[in-house]
Amino acid sequence: MKRIALFASGSGSNAEQIATYFADNADVTVSLIVSNNHKAGVIDRARRLHIPVLLFDRKTFYETDQITEILLNQPIDLIVLAGFMWLMPSKLVQAFPDKIINIHPALLPKFGGKGMYGHFVHEAVVAANETESGITIHYVNERYDEGQIIFQASCPVLPTDTPEDVAKKVQALEHVHYPRVVAEVLAKLDS
């Protein structure tokens with residue numbers, strides 16, 4: 001049985017898509033949802049899906065090994081970031097080499113890095129008059145959005161598109177592709 005920990009800071013739509021994708025899979029389970037935001041919508045989604053939630057604060061995350069130890073003791077096979085806004089601590093990345101993945105709402109390396117998340121990305125895409133945007137699923141390292149790219153998918157950006165229009169197109173790509181790519185990454189862990 002492969003065990004996934006989902007990290008999320010916001011509403012948790014991607015976390016729910018992934019949990020639902022694996023709900024009937026006898027070989028994979030989402031065993032934990034981890035969040036730094038005590039008011040995040042993902043907590044309600046986790047309760048509805050009967051998935052345990054682990055909440056923590058900045059000090060615990062960055063100044064102790066408590067989260068890493070909990071994940072190792074579960075034991076977690078893959079950490080999936082689904083709208084998690086904090087940089088992963090080095091010790092956590094080292095404890096799960098090539099076992100932490102993230103989704104970014106743009107075609108990296110464009111529009112990545114610190115502060116480039118959510119609406120900030122979509123606003124930057126529109127302001128730059130880009131003709132396409134999309135998603136990038138990548139391994140996580142100790143720097144924002146610089147890990148090895150696993151998968152990208154694109155969508156057109158029309159001259160009349162607002163950042164909200166781009167956000168809807170990108171989220172549709174996320175919901176279609178992220179669960180499938182998570183499954184592919186899990187399958188590679190065996191080989």
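Since we're looking at a predicted model, the values are computed, not measured.
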Any chance NZ of Lys2 has more than 12 other-residue heavy atoms, nucleotides or ligands included, within less than 6.0 Å?
-> yes
In terms of side-chain heavy atoms, does Ser133 have a donor or acceptor partner in His122 at a distance below 3.5 Å?
-> no
Rounded to the nearest 0.5 Å, how far does OG1 of Thr29 lie from CD1 of Ile4?
-> 8.0 Å
Derivation of the side chain to side chain contact (heavy atoms under 4.5 Å, CB included) call for Val42 and Ile33 | CA-CA 8 Å; Val42 73; Ile33 290 183; 3.8 Å; yes
Indicate if Ile70 and Leu6 have the same hydrophobic cluster label, given that clusters are the connected sets of ILVMFWY residues with side-chain heavy-atom separations under 4.5 angstrom.
-> no
Going through the checks in order, is the salt bridge (Lys or Arg N to Asp or Glu O under 4.0 Å) test met by Glu184 and Arg180?
-> CA-CA 6 Å; Glu184 290 173 5; Arg180 180 184 55 76; 2.8 Å; yes
Could Arg47 and Asp44 be called an ion pair, given the rule that one side-chain N must be under 4.0 Å from one carboxylate O?
-> yes
Could you check if a side-chain atom of Pro156 sits within less than 4.5 angstrom of a side-chain atom of Glu132, using non-hydrogen atoms only?
-> no
Heavy-atom neighbours of Lys99 NZ exceed 12 at 6.0 Å = no
Is a side-chain N or O of Asp27 found less than 3.5 angstrom from the main chain of Met1, in a donor-acceptor match?
-> no
Which atom of His138 lies closest to which atom of Leu108, heavy atoms considered | CD2-CD1, 3.7 Å
Consider only side-chain N and O atoms of Glu174 and Asn14, and report whether a donor and an acceptor are under 3.5 Å apart.
-> yes
Keeping the roles fixed (side chain from Asp77, backbone from Arg3), state whether a donor-acceptor pair exists under 3.5 Å.
-> yes
From Lys91 atom NZ to Thr64 atom OG1, the distance as rounded to the nearest 0.5 Å = 9.5 Å
Is Asn73 reaching over with its side chain to a backbone N or O of Glu69, donor-acceptor style, under 3.5 angstrom?
-> yes
With hydrophobic residues grouped by side-chain heavy-atom distances under 4.5 Å, do Val30 and Val28 end up in a single group?
-> yes
Is the backbone of Gln152 close enough, under 3.5 Å, to the side chain of Thr136 for a donor and an acceptor to pair up by distance?
-> no
Heavy-atom count around Asp57 CG within 6.0 Å, excluding the residue itself: above 12?
-> yes
With rounding to the nearest 0.5 Å, note down the distance linking CE in Met88 to CD1 in Ile79.
-> 7.0 Å
Within-4.5 Å side-chain heavy-atom neighbours: Val185 and Val80 = no
Where do His104 and Ile135 land on the side chain to side chain contact (heavy atoms under 4.5 Å, CB included) test, with the steps shown first?
-> CA-CA 6 Å; His104 185 75; Ile135 60 167; over 6 Å; no
So do Glu142 and Leu87 actually touch side chain to side chain, heavy atoms under 4.5 Å?
-> no
Supply the atom-to-atom distance Asp98 CG to Leu78 CG, rounded to the nearest 0.5 angstrom.
-> 10.5 Å
Between the main-chain N or O of Ala15 and the side-chain N or O of Arg45, is there a donor-acceptor pair closer than 3.5 Å?
-> no
Transitively linked via ILVMFWY side-chain contacts under 4.5 Å: Val93 with Leu72?
-> yes
When rounded to the nearest 0.5 Å, the distance separating SG of Cys155 from CG of Leu107 is 7.5 Å
Show the numbers, then the answer: is there a side chain to side chain contact (heavy atoms under 4.5 Å, CB included) between Asp145 and Asn102?
-> CA-CA 8 Å; Asp145 304 323; Asn102 183 44; 3.8 Å; yes
Would you find a donor on one side and an acceptor on the other, under 3.5 Å apart, between the side chain of Asn25 and the backbone of Phe22?
-> no
Of all the heavy-atom pairs spanning Pro163 and Val126, show the shortest one and how long it is.
-> N-CG2, 3.8 Å
To the nearest 0.5 Å, atom OG1 of Thr131 lies from atom CG of Asp161 at 11.0 Å
What closest approach, in Å, do Asn37 and Ser35 show between heavy atoms, and which atom pair accounts for it?
-> N-OG, 3.1 Å
Minimum-distance pair of heavy atoms, taken over all atoms of Pro105 and Val121 | O-CG1, 3.3 Å
Do Val125 and Val157 have side-chain heavy atoms sitting under 4.5 Å apart?
-> yes
Can you name the closest pair of heavy atoms from Thr20 and Leu49 and give their distance?
-> OG1-CD2, 4.4 Å
Taking the six-membered ring for Trp and the single ring otherwise, decide whether the centroids of Tyr139 and Phe151 are under 6.0 Å apart.
-> no
Does Leu71 share a hydrophobic cluster with Leu81, counting links as ILVMFWY side-chain heavy atoms below 4.5 Å and allowing steps through other members?
-> yes
pair Gln148-Val140: side-chain heavy atoms closer than 4.5 Å | no
Is the Phe84 ring parallel, tilted or perpendicular to the Phe7 ring (thresholds 30°, 60°)?
-> perpendicular
Same cluster for Tyr178 and Leu186 if Ile/Leu/Val/Met/Phe/Trp/Tyr side chains link at under 4.5 Å?
-> yes
For the side chain of Ser154 and the backbone of Gly134, is there at least one donor-acceptor N/O pair under 3.5 Å apart?
-> no
Can you name the closest pair of heavy atoms from Asn36 and Ser9 and give their distance?
-> OD1-OG, 2.7 Å
Take Glu130 and Lys110, measure what salt bridge (Lys or Arg N to Asp or Glu O under 4.0 Å) needs, and give me the verdict at the end.
-> CA-CA 10 Å; Glu130 292 289 321; Lys110 289 183 172 183; 2.9 Å; yes
Worked check of side chain to side chain contact (heavy atoms under 4.5 Å, CB included) between Glu164 and His119 | CA-CA 8 Å; Glu164 293 77 21; His119 69 93; over 6 Å; no
Are Arg48 and Glu16 within salt-bridge range, i.e. N to O under 4.0 Å?
-> yes
Does a donor on one side chain and an acceptor on the other come within less than 3.5 Å for Asp65 and Thr68?
-> no
